[in-house]
Structures are given as structure tokens and as C-alpha cells.
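Following: one structure in C-alpha cells, then a few remarks.
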Amino acid sequence: MAYDVIVLGSGPGGYPAAIRASQLGFKVAIIEKESLGGVCLNWGCIPTKALLKSSQVYEYAKHGAAYGINISGAQQDFGGVIKRSRGVADKMSRGVQFLMKKNKIDVIMGYGKLKAKGQIEVTAQDNSKQTIEAKYIIIATGSRGRQLPNLPIDGKSVIGYREAMSLPTQPKSMIVVGSGAIGVEFAYFYNSMGTKVTVVEFMPRIVPVEDEDISKELERQYKKQGIDIMTNATVEAVEPTANGVKARVKTQTGEVSLEAEIVLSAVGISANIENIGLEELGIKTEKGKIVVDKYGQTNVPGFYAIGDCTPGQALAHVASKEGINASEHIAYVEKKNNHAPEGIDYNNIPGCTYCTPEIASIGFTEKAARDAGYEIKVGKFPFTASGKASAAGATEGFVKVIFDAKYGEFLGAHMIGHSVTELIAEVSVARRLETTAHEILNAIHPHPTMSEGVKEATAVAYGEATDI
Ligand SMILES: Cc1cc2nc3c(=O)[nH]c(=O)nc-3n(C[C@H](O)[C@H](O)[C@H](O)COP(=O)(O)OP(=O)(O)OC[C@H]3O[C@@H](n4cnc5c(N)ncnc54)[C@H](O)[C@@H]3O)c2cc1C
């Protein structure tokens with residue numbers, strides 16, 4: 001079979017790349033070894049958000065009286081929660097199947113390996129092989145959970161994220177190793193369900209990529225919720241016990257031993273770049289990722305790579321934009337588009353964590369802005385002063401904004417609280433349009449909304465606040 005474009009991998013990078021290529025008039029095939037939609041739809045973004053929604057419903061049910069609604073005997077059904085999450089994931093995956101059909105993209109199920117320039121060999125589950133060809137190949141093989149040598153995942157007492165969202169029974173206790181987005185989301189979920197959770201983080205603070213104020217607030221909120229947190233701590237070794245595992249944890253003051261039914265390793269990702277034929281074709285990799293230019297082109301003409309298997313933030317929305325860019329660049333090269341795509345500003349990528357309270361951030365942290373030599377204006381608006389947050393019974397958290405003092409450039413925003421993952425898109429658009437504080441203050445924000453927090457924090461930065 002001959003195509004114009006073949007996409008290897010159908011995650012949030014691969015399937016939009018395939019659709020965009022088809023929209024641009026190419027004959028397209030997509031190869032997938034497991035489930036359409038990749039990690040994001042099947043084992044990442046979507047099923048975790050479904051789990052977290054169940055946590056939220058349970059919290060509301062337990063604390064209904066605070067809203068004047070008495071619900072007695074609210075109980076969670078762990079199996080039901082997992083089942084709902086898997087159902088949501090399956091539905092989304094079927095949605096991708098529909099999109100492929102709608103866009104006349106051939107779906108080829110099997111393991112794809114790059115063979116020669118323009119050729120991929122696909123091995124189906126029954127071991128039958130076929131070779132398909134295309135002028136352009138977009139590699140979108142994504143990533144898997146990273147394994148630490150001293151924390152090997154056995155899928156039972158030491159688990160990764162896949163097992164964490166599909167456990168048959170709820171563990172009584174859990175050690176979560178790593179406090180990035182995945183670690184803290186699961187910590188929140190399991191704690192809310194009644195599992196005793198301890199988070200062990202190697203760095204001095206949890207969610208270490210966030211602004212320091214966000215880390216402090218999340219730690220405060222998590223401790224209030226009953227989650228134990230150990231920072232500057234490393235799991236040295238784990239050994240099985242009668243009821244689970246014992247973890248030897250090195251801290252700044254010495255070694256401690258922690259016992260739990262289960263350990264969740266949430267220590268980052270490894271790109272899927274092995275055994276797909278990169279070495280044979282001379283496609284360059286560096287630090288475990290495929291090297292690409294701003295259009296996603298590898299060093300070998302005709303081969304593009306996008307998403308988690310390339311450098312850049314490992315996020316679904318980044319993968320999708322990279323996929324679309326790659327297809328648009330192919331169209332430009334093939335003279336179907338008269339301009340090249342713009343490329344991505346990796347300093348303007350929103351990052352969201354969907355625990356409670358939620359976290360959302362974009363651009364420079366306060367420290368990064370100072371380190372970069374900016375003179376800055378910082379404004380912080382606490383949700384205790386927000387009418388909408390008060391009405392929602394969710395006054396924890398704040399919006400923090402950072403502007404360049406000289407020109408008013410919107411350098412960054414860092415939020416923690418109810419619904420902030422919806423608020424961050426305003427800042428993404430604002431920064432994209434090179435909006436200054438002046439425009440934010442003069443754009444009317446609806447009342448009462450959480451989004452007023454962005455305007456209010458800006459007003460605080462400029463000494464014009466009226467609500468605090
Ligand atoms: C628990 C968890 C929660 C997350 N939550 C969020 C979130 O809320 N928001 C967010 O933006 N990101 C989130 N992420 C990250 C997000 O899932 C990834 O950034 C995103 O899925 C990357 O997309 P991708 O297309 O590059 O790769 P993937 O989604 O990994 O897809 C790659 C696909 O390629 C297939 N494949 C690989 N090799 C081959 C081969 N040789 N032949 C055929 N098929 C192959 C795989 O089976 C897979 O389907 C989360 C991740 C995890 C693990």
C-alpha cells in the first residue's frame with residue numbers, strides 16, 4: 001500500500017497530525033499497536049480526570065451539609081469509580097475511531113517499525129507482516145512511565161500509572177514516589193477515597209516545576225487533607241512484606257522505613273524510541289528523545305517526529321500542536337500550503353494539574369523571571385476575596401501574575417484553586433497577543449467568576465485593586 005503520509009502512533013500527537021494531513025489533501029494511514037488515542041485517552045489525561053471527578057462528587061456528597069444539603073451514608077464504590085473511568089476512556093477511544101473514518105484515514109493495527117526510507121513494516125497481533133509506504137512518515141510513538149533501577153515496577157506491590165487507574169481493589173495505604181502532576185493527582189485521588197497516602201519527593205518541594213508559592217500552598221492543602229509529605233527524600237530500596245512493601249527512604253536527617261500496601265512510581269516518562277528502526281535509518285536521538293527542528297523534521301529527510309518522543313513539554317496539547325505543525329509543514333513542502341507553519345513558542349505552554357485544589361501555570365515563574373534579569377511587578381489575588389469562590393465553598397488558593405515592570409509584558413501566571421485549569425487559557429491568549437497589564441485591566445471580566453482573579457491579581461500588581 002502506498003500513502004502520502006503515514007503516522008506511527010495514534011495518541012494526541014498522532015491522530016490530529018493524521019487528520020490535518022487528510023484535510024490538506026493527502027492520502028493518510030495511521031498505525032497503532034494498542035488502542036486509538038494513545039496514553040492520553042486510554043491511560044492518561046482522560047481516565048485520570050474521570051477518577052478525579054468521582055473524588056469531587058464523593059467530597060460533595062460527604063460535605064453536603066456545608067451547603068445545606070444533608071446526604072447521609074455517602075459511600076464510594078471503588079470498583080464503580082474505576083469502571084466509570086475505564087468506560088470514559090473507551091468511549092473517547094471509539095471517538096478517535098470515528099474521526100479516522102470521517103477523515104478517510106486508514107487505520108492499521110499492529111507494531112510499526114521503520115524499515116527503509118518511506119517504508120514501515122507492520123506486524124499484526126497474529127504475527128502477520130505487511131509493508132506500507134509513504135513519502136512522509138510522522139513518528140508519534142509517545143512515551144511510557146519511567147522506571148527507576150531501585151524501584152522496579154512489578155505491577156502488584158510496586159505499580160505504575162496504568163495499574164494505579166485500574167486496580168481491582170483499593171489499597172489501604174500507598175506511597176507515591178514523585179510529586180509531579182501524575183503523582184499529586186493520584187495522591188489526591190487515593191487520599192480522597194480513604195487510602196492513607198504518603199508522597200515522597202526527591203526535590204525540596206512538591207510540584208517542583210511550579211512557582212514556589214504554588215508548591216507551598218499545595219503542600220499546606222494536602223497536609224490539611226491528611227496526605228503525608230516527605231521532601232528531600234529518596235526511596236533507596238523496596239522489599240516485600242506480608243501485607244505489601246517496606247520502603248527504605250533516605251532523608252536529610254537519616255534513613256526511615258515506610259510501610260504500605262502499595263508503592264506508586266510516578267517519576268516521569270521514557271520516550272518510546274527503541275526498536276522502531278531509528279538507528280538503522282540514522283535518525284538522530286539525544287538524551288532519550290528524537291532530535292527535531294521547529295517543524296518536527298528529523299535529520300533524515302521525509303521523517304518527522306512529534307509529541308512525547310521528542311523534546312518539549314510532555315503534554316497532550318503540545319503533542320497535538322506539534323502534529324498539526326508537522327502535517328502543515330509537509331503541505332508547505334509539497335506546495336499545498338503557501339506558507340510554513342509558525343512553530344511553537346515553548347515558553348507559552350499552559351500546564352495544568354487536576355488535583356484539588358487545581359493548579360495551572362504558564363510562562364515565567366517569579367524566580368525564573370528574576371533570574372532572567374527582569375525587573376518585575378507581582379500581583380497575588382487570594383480566592384478568599386472572590387465572591388464566586390465563596391459561593392462555591394472553595395476559597396483556598398490564589399492567582400499570581402508576573403509582569404515586566406518596564407513594558408508591562410505579561411511574563412507568567414500561576415494559579416491554584418477551584419477551576420483554575422479553565423482560567424489559564426485567558427493568559428495563554430493574552431501572552432500570545434503580547435497583551436500588557438493595561439489591556440487585562442481594561443478587558444471586562446464577568447462577575448462573579450473565578451476568572452476575575454486574573455484581572456484582580458493584575459490590579460494588585462499595579463496598586464489598583466478594589467476588592468482586596
Ligand atoms: C497518568 C497520566 C496523566 C496525564 N494527564 C495529562 C493531562 O491531564 N494533560 C496533558 O496535557 N497531558 C497529560 N498526560 C500526558 C499525555 O498523556 C501525553 O503527553 C500524551 O499522551 C503524549 O501524546 P503522544 O501522541 O506523543 O503519545 P502517546 O499518547 O504516548 O501515544 C503514542 C501511541 O503510539 C503507539 N505506539 C508506540 N510505538 C508504536 C509502534 N512501534 N507501532 C505502533 N504504535 C505504536 C502507542 O501504543 C500509543 O498509542 C498524562 C499522562 C499520564 C501518564
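Residues: numbered from 1 along the sequence shown. Start at 1 and go down the list; that is how both ligands and their atoms are numbered.
A salt bridge does not link E210 to R205: none of the charged nitrogens lies less than 4.0 Å from a carboxylate oxygen. Ionic pairing of E185 and K49 is present here: one or more N-O contacts between side-chain nitrogen and carboxylate oxygen are shorter than 4.0 angstrom.
Protein residues with a heavy atom closer than 4.0 Å to ligand 1 are L8, G9, S10, G11, P12, G13, G14, I31, E32, K33, E34, S35, G38, V39, C40, W43, G44, C45, T48, K49, G110, Y111, G112, A140, T141, G142, S143, Y161, M165, I182, I276, G307, D308, A314, L315, A316, H317, A319, Y354, listed by chain and number.
Sequence neighbours left out, the pairs with a member in residues 278-299 that pass ring pair (Phe, Tyr, Trp, His ring centres under 6.0 Å) are Y295-H329. Among residues at least two apart or in separate chains, salt bridge (Lys or Arg N to Asp or Glu O under 4.0 Å) pairs with a member in residues 13-23 are R20-E328.
The nearest pair of heavy atoms linking L8 to L114 is CD2-CD2, 4.3 Å.
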When the side chains of residues 279-288 are checked against the rest of the protein, which donor-acceptor pairs come out under 3.5 Å, sequence neighbours left out?
none

